[in-house]
Amino acid sequence: MLTRSREELARALERAPAPRAVVMTMGALHEGHFDLVREAARRVGEAGTVVVTIFVNPLQFAAGEDLESYPRDLEGDLEGLERALSGPQGRLGVGRLVVFAPTPEVIYPDGPPRVRIDPGPMSTVLEGRTRPTHFAGVCQVVLALLHLTSPRWALFGRKDAQQLAIVTAMVEDLAVPVEIVPVDIRREPDGLAMSSRNAYLTADQRGQALALSAALEAGRRAAAGGAGPAAVRTAAEAVLARAPGVATDYVALVDPATFTDLTGQGPGLPPSSGIGGEQPGGPGRAERGRPGYAGPGRALLAVAARVGSTRLIDNCLVDLPADRG
């Protein structure tokens, strides 16, 4: 069922069976999105409801970014959702699928929001350094959509790892009654992380973009060989530095839940920031069930780079040696 207004959404959800899960997207859906939707369906079961929001949120885009050119294909998105949730006999695998595809005027009926969400210190590093208003816009729309859809679960991809950490912290800090569920990155057969922005790449740039996943693999191999945090980051940086057509934005090794830098010289938050009241990568609030947290000794290796005019991000979890130096 496609809904476009708050009123249509409310009526659809009044009749929708519980439990309910939501997947928030900006459209141009690909298999990475459909993984989120399929996990949502698995959680709600054949009698529950999956809500998929499709909204290109203007508050996430700064001046000069690709708001107007961001790929949009609502008809294709709806067909893809039906395929992703259809069983062998073509029957929908959940009790109800509700798609909410509003305009900005529906989400922000009074124009620019009068009350803004402050995404905190985590929003000032990595993606936040390059896109300083981005995470405020993310938090603004995510909180609004959580209130409008009232789900038991909200599913987010690990590809946007910083978004996952910030949304998780917002939900905790503001006592929003929802469980944030992370879903692993879906990759092309050659390793490229799926992204709606991959559509911008030419054939040559598509090959050059493989440097991002190659850099992550180099960092993972370094960690598996016993390298410490600084050496893991250096191994990934070296791959990007020699890749033709690739302009590195950052390479970071951080705590997955707090984005505290683990190398002492990277672009993450300094350990003195005290985010989460814990030492980087060590026990603390994150260990008590935060979805972004990966366990002691695990770190997030994150990269961002431009290939042509397209900015791409990617990340992976790595296991650091017990004696980290």
Side-chain angles (χ1 to χ4, degrees), residues 1-16 20-30 32-34 36-37 40 49-85 94 96-119 123 127 131-151 153-157 160 163 166-167 170-171 174 176 178 195-200 310-311:
M1 174 182 292
L2 175 63
T3 62
R4 303 302 296 264
S5 70
R6 293 186 182 209
E7 294 74 21
E8 288 175 347
L9 176 65
R11 287 195 296 270
L13 294 182
E14 281 177 4
R15 301 189 295 271
R20 184 183 306 160
V22 66
V23 176
M24 301 181 193
T25 81
M26 294 205 300
L29 303 183
H30 51 67
H33 295 113
F34 297 141
L36 297 172
V37 173
T49 298
V50 171
V51 183
V52 178
T53 69
I54 298 176
F55 178 57
V56 181
N57 177 28
L59 295 189
Q60 292 175 221
F61 294 78
E65 291 187 337
D66 57 340
L67 172 60
E68 298 305 323
S69 62
Y70 194 85
R72 294 165 170 85
D73 180 16
L74 181 57
E75 183 177 348
D77 292 343
L78 296 175
E79 292 173 357
L81 288 169
E82 290 284 347
R83 287 195 303 270
L85 289 178
V94 293
R96 179 162 295 184
L97 168 65
V98 177
V99 178
F100 182 42
T103 63
E105 291 74 23
V106 170
I107 297 297
Y108 308 116
D110 298 313
R114 292 162 291 180
V115 175
R116 301 284 183 139
I117 304 297
D118 180 356
S123 71
E127 289 301 290
R131 310 178 68 191
T133 62
H134 175 68
F135 289 115
V138 169
C139 289
Q140 195 82 31
V141 74
V142 167
L143 188 59
L145 290 172
L146 287 175
H147 286 310
L148 289 171
T149 59
S150 299
W153 300 283
L155 293 91
F156 290 86
D160 295 301
Q163 172 179 278
I166 289 172
V167 167
M170 177 186 72
V171 163
L174 300 184
V176 182
V178 65
S195 168
S196 299
R197 288 189 169 95
N198 289 349
Y200 299 155
T310 305
R311 188 170 180 279

Any chance you could measure [X], atom [atom1], to [Y], atom [atom2], to the nearest 0.5 Å?
{"X": "Leu74", "Y": "Arg4", "atom1": "CG", "atom2": "CZ", "result": "5.5 Å"}
{"X": "Leu9", "Y": "Met1", "atom1": "CG", "atom2": "CE", "result": "10.5 Å"}
{"X": "His134", "Y": "Cys139", "atom1": "NE2", "atom2": "SG", "result": "9.5 Å"}
{"X": "His33", "Y": "Met26", "atom1": "NE2", "atom2": "CE", "result": "8.0 Å"}
{"X": "Asp110", "Y": "Glu105", "atom1": "CG", "atom2": "CD", "result": "12.0 Å"}
{"X": "Leu29", "Y": "Ile54", "atom1": "CG", "atom2": "CD1", "result": "5.0 Å"}

Grab the two heavy atoms, one from [X] and one from [Y], that are nearest each other, plus how far apart they are.
{"X": "Ala154", "Y": "Leu146", "answer": "CB-CD2, 3.9 Å"}
{"X": "Pro109", "Y": "Arg6", "answer": "CD-NH2, 3.6 Å"}
{"X": "Val98", "Y": "Ala12", "answer": "CG1-CB, 4.2 Å"}
{"X": "Phe55", "Y": "Pro102", "answer": "CD1-O, 3.4 Å"}
{"X": "Val115", "Y": "Gln140", "answer": "O-NE2, 2.8 Å"}
{"X": "Gly157", "Y": "Leu36", "answer": "N-CD2, 3.7 Å"}

Please tell me if the side chains of [X] and [Y] come closer than 4.5 Å, counting only heavy atoms from C-beta onward.
{"X": "Ser196", "Y": "His30", "result": "yes"}
{"X": "Pro113", "Y": "Leu59", "result": "yes"}
{"X": "Met24", "Y": "Val142", "result": "yes"}
{"X": "Leu81", "Y": "Leu97", "result": "yes"}
{"X": "Ile107", "Y": "Val141", "result": "yes"}
{"X": "Arg311", "Y": "Arg197", "result": "no"}
{"X": "Arg96", "Y": "Arg15", "result": "yes"}

**Prompt:** Could you go step by step and tell me if Thr53 and Leu148 meet the side-chain contact (heavy atoms from CB on, under 4.5 Å) rule?
**Reply:** CA-CA 11 Å; Thr53 69; Leu148 289 171; over 6 Å; no
Between [X] (side chain) and [Y] (backbone), is there a donor-acceptor pair under 3.5 Å?
{"X": "Thr149", "Y": "Val22", "result": "no"}
{"X": "Thr25", "Y": "Gly27", "result": "yes"}
{"X": "Gln60", "Y": "Leu67", "result": "no"}

**Candidate pair Ile117 and Leu143, rule side-chain contact (heavy atoms from CB on, under 4.5 Å), full reasoning** = CA-CA 9 Å; Ile117 304 297; Leu143 188 59; 3.7 Å; yes
**Request:** Can you tell me which residue pairs pass the side chain to side chain donor-acceptor pair (under 3.5 Å) test with a partner in residues 68-85, sequence neighbours excluded?
**Result:** none
**Message:** Run the side-chain contact (heavy atoms from CB on, under 4.5 Å) test on Val176 and Met170 for me, step by step, so that the C-alpha distance in whole Å, both residues' side-chain angles and the decisive distance to 0.1 Å come before the verdict.
**Reply:** CA-CA 8 Å; Val176 182; Met170 177 186 72; 5.7 Å; no
**Request:** Look at atom CZ of Arg114 and say whether more than 12 heavy atoms of other residues, nucleotides or ligands are closer to it than 6.0 Å.
**Result:** no
**Asked** Could you walk me through whether Phe34 and Val23 pass the side-chain contact (heavy atoms from CB on, under 4.5 Å) check?
**Response** CA-CA 9 Å; Phe34 297 141; Val23 176; over 6 Å; no
